[in-house]
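Worksheet: the structure to be examined is printed underneath.
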2 protein chains.
Amino acid sequence: MANEITLSGVPHVITNIPVGAKPECFLFAGCPELIGTPFSYAREEEVYGEGEEAEFVYKVLGGAVRTHKVLSDGRRQITGFHLPGDLFEFEQGETHRHTAEALSDTRVLVFRRRGIERAATRSAEVACQLWGMAASGLRYAQDHMLLLGRRSAVERVATFLMEVDGRLGGTGTFDLPMTRRDIADYLGLTIETVSRTLTELEEDGALQRIGARQVSLRRARLRRVVED
Amino acid sequence: MANEITLSGVPHVITNIPVGAKPECFLFAGCPELIGTPFSYAREEEVYGEGEEAEFVYKVLGGAVRTHKVLSDGRRQITGFHLPGDLFEFEQGETHRHTAEALSDTRVLVFRRRGIERAATRSAEVACQLWGMAASGLRYAQDHMLLLGRRSAVERVATFLMEVDGRLGGTGTFDLPMTRRDIADYLGLTIETVSRTLTELEEDGALQRIGARQVSLRRARLRRVVED
DNA sequence: CGTGTGGTTGAAACGTATCAAACGTGGTGG
DNA sequence: CCACCACGTTTGATACGTTTCAACCACACG
């Protein structure tokens with residue numbers, strides 16, 4: 001992986017613009033001054049921790065990342081899964097409000113927050129893009145509030161499966177990239193409830209499972225369960 | 001109330017800049033081109049409904065507004081209470097993702113979304129302010145996810161009381177501006193549980209009540225309950 | 001072929017929801 | 001001015017869904 005120096009797990013960005021940078025190196029399409037540096041994390045490796053200084057913004061190239069918050073007694077709430085193409089931790093503020101960890105071996109692009117902020121203060125277009133991304137993150141979070149506050153376990157799991165399916169291409173058949181624990185901590189349930197709910201959905205013919213990870217959704221039936 | 005024409009409940013903004021506009025008419029300090037128009041809503045009146053075209057951004061001057069989402073069977077999740085000074089519905093997008101209603105008689109300033117977007121595309125500073133506001137809304141929503149997904153009823157109510165206290169001046173004694181139903185729908189509980197939890201907290205000496213609305217918090221004890 | 005990790009299943013406990021009734025307070029009309 | 005009504009709140013008894021604790025299973029890995 002070029003353009004990268006690693007020093008005790010922390011990415012050190014080379015600031016010179018590499019010649020012939022590929023388009024996917026950019027933060028946004030049409031913003032060539034913001035070049036990311038590739039970086040990799042192993043399965044379960046921490047990308048950053050809550051409270052740490054927020055120096056970078058991340059864009060997932062391959063693999064997946066989860067961001068979460070924890071209470072002192074260990075209760076955990078996952079606030080998002082970040083799949084290829086997603087940007088995360090582009091909020092403002094000095095320190096990280098989450099911990100981020102790689103679900104599987106993951107490649108990301110890191111962008112200096114400084115550079116992004118400088119670009120935003122100079123270019124209204126960049127700033128508007130950032131506004132838009134924060135706004136869509138907010139919409140997503142508000143939808144998830146409704147799920148956490150008001151939906152039953154079956155509804156949560158069914159919603160989750162349809163969401164992952166959509167983000168993974170919408171074929172209806174895919175491998176869950178996360179463990180039961182991650183799903184539970186995302187949905188505000190326990191692993192046992194997630195597991196039981198999956199078997200229940202399978203018995204109702206709303207999905208089929210092959211092994212623990214692969215699922216084939218009967219989307220019409222799942223939609224009936226969610227039934228906005 | 002000057003500079004206002006009402007037509008079937010919808011505010012119609014006068015686009016001429018009024019001479020001698022007061023500073024609190026502005027969306028941000030130091031952005032004189034964005035002038036708001038005052039408007040009022042009665043208790044329980046709808047400000048806008050989910051799915052409607054999003055034409056305005058709102059800033060609360062007095063009173064309070066709640067924004068919520070509903071499922072088809074009536075289950076409701078309040079995503080935020082908006083008190084004097086707060087801006088809301090400044091996200092991007094064509095249509096409203098929430099319904100907004102006045103908790104009590106409420107005065108707001110409305111700003112044309114068009115004008116704000118135009119200002120944002122022209123001024124990086126404006127766009128950065130909007131980015132910042134969306135980002136802080138996102139942080140707030142993520143904290144609330146942790147509450148809804150992982151905290152018990154007592155913790156939710158205690159957190160809520162401390163939050164309202166902080167936003168109402170932090171004196172420890174205040175009148176709750178919303179009903180038990182609103183509190184319940186904000187915290188993902190039922191009104192009965194909210195009520196029982198309040199009596200429980202009172203019995204534990206964590207607060208005192210006068211009537212249904214006024215509370216005096218023993219903040220040290222409440223903090224022990226929350227105990228991040 | 002054992003060992004570890006993640007997943008499933010079962011039984012019982014727990015916390016919150018549900019249903020129902022009583023209470024209190026503020027507003028209205030006699 | 002007081003009686004009455006309506007609405008929001010509190011309290012009680014019971015039901016239900018999810019969690020907890022425990023055992024078991026399946027698969028990957030050394």
Side-chain angles (χ1 to χ4, degrees), chain A residues 42-44 66 71 73-78 101 103-105 147-161 175-204 207-215 225, chain B residues 42-44 66 71 73-78 101 103-105 147-161 175-204 207-215 225:
Chain A
R43 191 174 117 71
E44 293 296 301
R66 62 171 181 255
L71 298 175
D73 61 1
R75 282 175 290 176
R76 186 176 74 145
Q77 179 64 43
I78 291 181
E101 291 151 346
L103 287 181
S104 52
D105 292 350
L147 180 140
L148 292 171
R150 288 299 179 214
R151 307 207 81 140
S152 69
V154 226
E155 291 174 325
R156 292 184 203 200
V157 173
T159 306
F160 173 73
L161 291 170
D175 274 50
L176 289 163
M178 66 288 285
T179 64
R180 297 290 185 267
R181 166 134 302 290
D182 287 334
I183 298 173
D185 285 349
Y186 178 67
L187 297 178
L189 301 168
T190 59
I191 50 179
E192 294 94 332
T193 300
V194 171
S195 181
R196 276 187 252 271
T197 305
L198 284 170
T199 37
E200 186 191 326
L201 285 169
E202 189 165 30
E203 283 164 358
D204 295 355
L207 57 85
Q208 271 180 276
R209 283 183 289 179
I210 301 170
R213 292 297 185 93
Q214 190 181 329
V215 291
V225 172
Chain B
R43 191 173 117 72
E44 293 297 300
R66 61 171 180 255
L71 298 175
D73 62 1
R75 282 176 291 174
R76 186 176 73 146
Q77 179 64 44
I78 292 180
E101 290 151 347
L103 287 181
S104 53
D105 293 349
L147 180 140
L148 292 172
R150 287 299 179 214
R151 308 207 80 140
S152 69
V154 226
E155 290 174 325
R156 292 184 203 201
V157 172
T159 307
F160 172 74
L161 291 170
D175 273 51
L176 289 163
M178 66 288 285
T179 65
R180 297 289 184 270
R181 166 134 303 287
D182 288 334
I183 298 174
D185 286 347
Y186 178 66
L187 297 178
L189 301 168
T190 59
I191 51 178
E192 294 93 334
T193 300
V194 171
S195 180
R196 275 186 252 273
T197 305
L198 284 170
T199 37
E200 186 191 326
L201 285 170
E202 189 166 30
E203 282 164 0
D204 294 356
L207 58 85
Q208 271 181 277
R209 283 185 289 180
I210 301 170
R213 293 296 186 91
Q214 188 181 331
V215 290
V225 173

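Just so we're on the same page: letters track the sequence lines, and every chain starts at 1.
- Phosphate proximity of C/dT16 to B/Arg156: absent, as no side-chain N or O sits under 4.0 Å from OP1 or OP2.
- A/Glu202 places its CD atom 15 Å from the P atom of C/dG7, with the value rounded to the nearest Å.
- When rounded to the nearest whole Å, the span between CE of B/Met178 and P of D/dG8 equals 15 Å.
- Between the CZ atom of B/Arg181 and the C1' atom of D/dT10 there is a distance of 15 Å, rounded to whole Å.
- Side-chain proximity of B/Ser152 to the nucleotides D/dT18, C/dG6, C/dT16 is greatest for C/dT16.
- The line from CD of B/Gln77 to CG of B/Asp185 is 7.0 Å long, rounded to the nearest 0.5 Å.
- Distances shown here put every side-chain N or O of B/Thr193 at or beyond 4.0 Å from the OP1 or OP2 atom of C/dT16.
- Within the structure, every side-chain polar atom (N or O) of B/Arg196 is placed at least 4.0 Å from both OP1 and OP2 of D/dG12.
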Item to complete: Give the C-alpha distance, both sets of side-chain angles, the deciding distance and a yes or no for side chain to side chain contact (heavy atoms under 4.5 Å, CB included) between B/Met178 and B/Ile78.
Response: CA-CA 12 Å; B/Met178 66 288 285; B/Ile78 292 180; over 6 Å; no
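- When the side-chain nitrogen and oxygen atoms of A/Thr199 are compared with OP1 and OP2 of C/dT9, one or more of them lie within a distance under 4.0 Å.
- Nucleotide D/dT19 holds its C1' atom 13 Å from the CZ atom of A/Arg75, rounded to whole Å.
- Atom-to-atom, CZ of A/Arg209 to P of C/dG6 comes out at 18 Å; the value is rounded to the nearest Å.
- Formation of a donor-acceptor pair under 3.5 Å by the B/Arg150 side chain with backbone atoms of A/Arg75 is not found in this model.
- Here D/dA6 presents its C1' atom at 15 Å from CD of B/Glu44, a figure rounded to the nearest Å.
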Item to complete: Any chance you could lay out the side chain to side chain contact (heavy atoms under 4.5 Å, CB included) test for B/Thr193 and B/Leu187, step after step, and finish with the verdict?
Response: CA-CA 10 Å; B/Thr193 300; B/Leu187 297 178; over 6 Å; no
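- Residue A/Ile191 is classed as having no contact, given no heavy-atom separation below 4.0 Å to the nucleic acid.
- Looking at heavy-atom distances under 4.0 Å, A/Thr179 makes contact with sugar-phosphate atoms alone, never a base.
- When heavy atoms are screened at a 4.0 angstrom cut-off, B/Leu198 is found touching no nucleic acid atom at all.
- Rounding to whole angstrom units, CZ of residue B/Arg151 and C1' of C/dT16 are separated by 17 Å.
- Summary of the strand contacts: B/Ser195 and A/Glu192 both lie near DNA chain D, and taking for each the nucleotide with the nearest heavy atom, the more 5' one is attributed to B/Ser195.
- Between A/Arg150 and A/Ala212, the residue anchored nearer the 5' end of DNA chain C, judged by the nucleotide with its closest heavy atom, is A/Ala212.
- For the pair B/Arg180 CZ and C/dT18 P, the interatomic distance rounds to 19 Å; values are reported in whole Å.
- B/Asp105 places no side-chain N or O within 3.5 Å of a backbone atom of B/Ala42 that could act as its donor or acceptor partner.
- Of the side-chain N and O atoms in A/Arg213, one or more sit less than 4.0 angstrom from OP1 or OP2 of C/dG7.
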